[in-house]
2 protein chains.
Amino acid sequence: MAGHVTYREVKATILDRIKGGAWPPGALLPSEVELAAEFGTARATVSRAMRDLVEDGLVERKRKAGTRVRKMPLRQARLDIPLVRVEVEDQGAVYRYALVASHVGAAPDWLRARMGLPGGGEVRHILCMHFADGQPYQFEDRWISLDSAPDARAADFTAEGPNEWLVRQVPYSNVEISFSATAADAEQAQHLGCALGDALFRVERQTSWDGRELTFVRLTYHRGYRMTARY
Amino acid sequence: MAGHVTYREVKATILDRIKGGAWPPGALLPSEVELAAEFGTARATVSRAMRDLVEDGLVERKRKAGTRVRKMPLRQARLDIPLVRVEVEDQGAVYRYALVASHVGAAPDWLRARMGLPGGGEVRHILCMHFADGQPYQFEDRWISLDSAPDARAADFTAEGPNEWLVRQVPYSNVEISFSATAADAEQAQHLGCALGDALFRVERQTSWDGRELTFVRLTYHRGYRMTARY
DNA sequence: TAGTGGTCTAGACCACATT
DNA sequence: ATGTGGTCTAGACCACTAA
């Protein structure tokens with residue numbers, strides 16, 4: 001007796017039919033029972049293949065209505081958000097971290113508004129640099145709420161960046177991330193070794209945990225930085 | 001008899017234990033058989049929950065070695081890549097498209113190198129604009145290989161952008177996408193209504209199908225544009 | 001070699017949305 | 001009312017890999 005038909009094979013076959021035009025955009029696919037009979041598998045196997053296709057954004061399923069090929073295939077890129085250190089080391093470069101400045105004080109108004117902090121809250125403000133093979137890679141401008149993370153007051157960020165420290169303290173948090181372009185100000189230009197006004201790639205990230213706002217960070221990358229993905 | 005324990009409940013319970021610190025980063029979880037016994041479910045149900053947790057980047061599994069909580073939870077953002085028109089309309093704004101220029105000619109050297117086109121290939125070059133409520137939203141600078149997509153030679157891009165046309169012609173393609181910052185050149189500044197040298201957010205996308213390079217596009221967004229995601 | 005996850009089966013019941 | 005997908009079960013065999 002030959003081996004079973006795998007869900008991967010089923011998926012591949014269906015994929016070929018969709019990409020080949022046998023089932024064009026908008027078309028209704030046969031039901032799981034029919035496909036299972038055609039492929040000679042259990043219905044669960046077809047179901048497993050279909051779940052993958054839904055996740056890949058190629059197909060839409062509704063009870064009773066059946067499975068249809070998406071008219072516009074849903075395109076989504078998965079973007080890995082690694083630690084800077086890992087990102088640099090993955091490029092085969094030597095990573096170096098340096099603390100620029102750090103101090104504790106009252107949260108400025110714009111930050112309280114942005115993070116939704118209550119009045120009178122204290123924050124720790126940290127500026128630091130990440131280098132790749134000695135070249136400026138990323139300038140980090142971070143604010144940590146001391147109400148939410150009191151341990152950050154005394155933490156030592158001279159040898160290790162605040163990001164790695166935070167990930168260890170609070171491994172599971174909710175993040176809102178945004179990407180934009182910004183013109184280098186004097187401080188950024190100095191640290192990143194570029195001209196005033198140069199166009200720089202910027203990431204802003206706000207992290208919360210258990211409904212409490214933890215930290216807001218603005219990461220500015222060296223001139224010419226690109227973030228790349230495939231899908 | 002009460003209903004079955006669902007895989008969602010199993011997943012939620014495991015998630016709570018991980019986030020609550022009962023199973024700290026690096027810890028070895030009980031085997032599927034043990035968990036199934038504890039929860040009173042079939043092993044397949046635990047397996048289903050675990051597969052979700054792997055996908056969420058919280059857990060790593062290896063045969064024989066078992067399931068471990070990831071030391072550094074894998075963070076990845078899912079970025080939807082919609083059509084500009086849809087992106088604009090989802091913001092409740094009125095979308096307008098305008099063709100700026102279009103012509104057919106030999107592919108310039110930099111483009112042939114970038115796309116990996118053979119020598120002597122012809123391309124169609126299209127410049128166009130996308131507006132939201134009358135305001136400049138995105139400037140599109142696109143090259144389409146006429147070797148790979150001969151129908152693009154005669155296609156009419158006065159009423160509809162080349163992106164929507166391409167998605168209809170070739171719904172299933174492979175894409176490499178990159179994000180960066182750029183300083184506005186004269187043409188971009190004029191079309192986007194900003195100053196020369198302004199920092200602009202830029203997306204570059206290269207699309208292939210069946211191993212053939214189809215199109216390369218450079219999308220430059222209006223000043224202040226942000227791309228946002230949560231994870 | 002033994003223990004773990006990965007997958008398939010055959011059957012069942014349920015939830016949901018269309019009719 | 002009915003047909004579809006969504007899920008669970010109990011059991012089985014397999015693939016991988018750590019010990």
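These numbers come from the heavy atoms of this one structure, side chains and all, not from hydrogens, waters or symmetry mates. In what follows, chains carry the letters A, B, and so on, assigned in the order in which the sequence lines appear, proteins first and then strands, with residues in each chain numbered from 1.
The separation between B/K64 atom NZ and C/dG3 atom C1' is 4 Å, rounded to whole Å. For the pair B/R68 CZ and D/dT17 P, the interatomic distance rounds to 15 Å; values are reported in whole Å. Between B/H4 atom NE2 and D/dG6 atom P the separation is 19 Å, expressed in whole Å. A straight line from CD of B/E9 to P of D/dT9 spans 11 Å, rounded to a whole angstrom. Atom NZ of A/K11 and atom C1' of C/dC8 are 18 Å apart (whole Å). Rounded to an integer number of Å, the gap from B/E60 CD to C/dG6 P is 12 Å. When rounded to the nearest whole Å, the span between CZ of A/F39 and P of C/dT9 equals 12 Å.
When all heavy atoms are compared, the tightest approach of B/W209 to B/S173 is CD1-CA, 4.0 Å. When all heavy atoms of A/A65 and A/L28 are compared, the closest pair comes out as O-CD1, 3.5 Å. Taking every heavy atom of both residues into account, B/V5 and B/T45 meet most closely at O-CG2, 4.0 Å. B/Q138 and B/V84 get closest at one heavy-atom pair: OE1-CG2, 3.4 Å.
Residue pairs meeting the ring-ring contact (aromatic ring centres under 6.0 Å, His included) criterion with at least one partner in residues 43-91 of chain B, sequence neighbours excluded, are absent. Applying the ring-ring contact (aromatic ring centres under 6.0 Å, His included) definition to pairs two or more places apart or across chains, those involving residues 60-100 of chain A are A/Y95-A/H130, A/Y97-A/H130. Within the structure, the ring-ring contact (aromatic ring centres under 6.0 Å, His included) test picks out no pair touching residues 5-62 of chain B (sequence neighbours left out). For residues 62-83 of chain A, the pairs satisfying salt bridge (Lys or Arg N to Asp or Glu O under 4.0 Å) are A/E60-A/R70, with sequence neighbours left out.
Side-chain atoms of A/R61 lie closest to D/dG5 of the nucleotides C/dC16, D/dG5, D/dT9.
Mapped onto DNA chain C by nearest heavy atom, A/A65 and A/T6 fall at different nucleotides, with A/T6 at the one closer to the 5' end. A residue-by-residue look at A/G40 and A/K62 shows that A/G40 has its nearest nucleotide of DNA chain C further toward the 5' end.
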Produce the list of close N/O pairs, under 3.5 Å, pairing protein atoms with atoms of nucleotides 12-14 of chain C; give distances to one decimal.
| residue | atom | partner | partner atom | Å |
| --- | --- | --- | --- | --- |
| C/dA12 | N6 | A/R43 | NH2 | 3.0 |

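In the helix from C/dT1-D/dA18 to C/dT18-D/dA1, the end axes, each obtained as the rotation axis mapping the C1' atoms of four pairs onto the next four within a five-pair block, lie 20° apart to the nearest 10 degrees.
Partners of B/R205 by salt bridge (Lys or Arg N to Asp or Glu O under 4.0 Å), not counting sequence neighbours: none found. Evaluation of the salt bridge (Lys or Arg N to Asp or Glu O under 4.0 Å) rule for A/E55 yields no partner, not counting sequence neighbours. Legend: residues meeting ring-ring contact (aromatic ring centres under 6.0 Å, His included) with B/F139, ordered by chain and number and at least two apart, are B/H191.
For the OP1/OP2 pair of D/dT7 and a distance below 4.0 Å, the side-chain nitrogens and oxygens of B/T45 include no atom meeting the criterion.
For the segment residues 46-53 of chain A, residues with any heavy atom less than 4.0 angstrom from an atom of DNA chain D are, sorted by number, A/S47. In the region residues 25-35 of chain B, proximity to DNA chain C at under 4.0 angstrom, judged on heavy atoms, holds for B/S31, B/E32.
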Criterion side chain to side chain contact (heavy atoms under 4.5 Å, CB included) on A/R85 and A/N163, from CA distance to verdict
CA-CA 10 Å; A/R85 176 173 59 74; A/N163 197 18; over 6 Å; no
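Exactly one residue among A/I177, A/V217, A/T220, A/I81 makes a side chain to side chain contact (heavy atoms under 4.5 Å, CB included) with A/V203. That residue is A/I177.
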Counting only pairs under 3.5 Å, give me each side-chain donor-acceptor contact of residues 151-161 of chain B, with atom names and distances, residues two or more places apart or in other chains.
| residue | atom | partner | partner atom | Å |
| --- | --- | --- | --- | --- |
| B/R153 | NH1 | B/E122 | OE1 | 3.2 |
| B/R153 | NH2 | B/E122 | OE1 | 2.7 |
| B/D156 | OD1 | B/T158 | N | 3.0 |
| B/D156 | OD1 | B/T158 | OG1 | 2.7 |
| B/D156 | OD2 | B/T158 | OG1 | 3.2 |
| B/E160 | OE1 | B/R168 | NH2 | 3.3 |
| B/E160 | OE2 | B/R168 | NH1 | 2.8 |

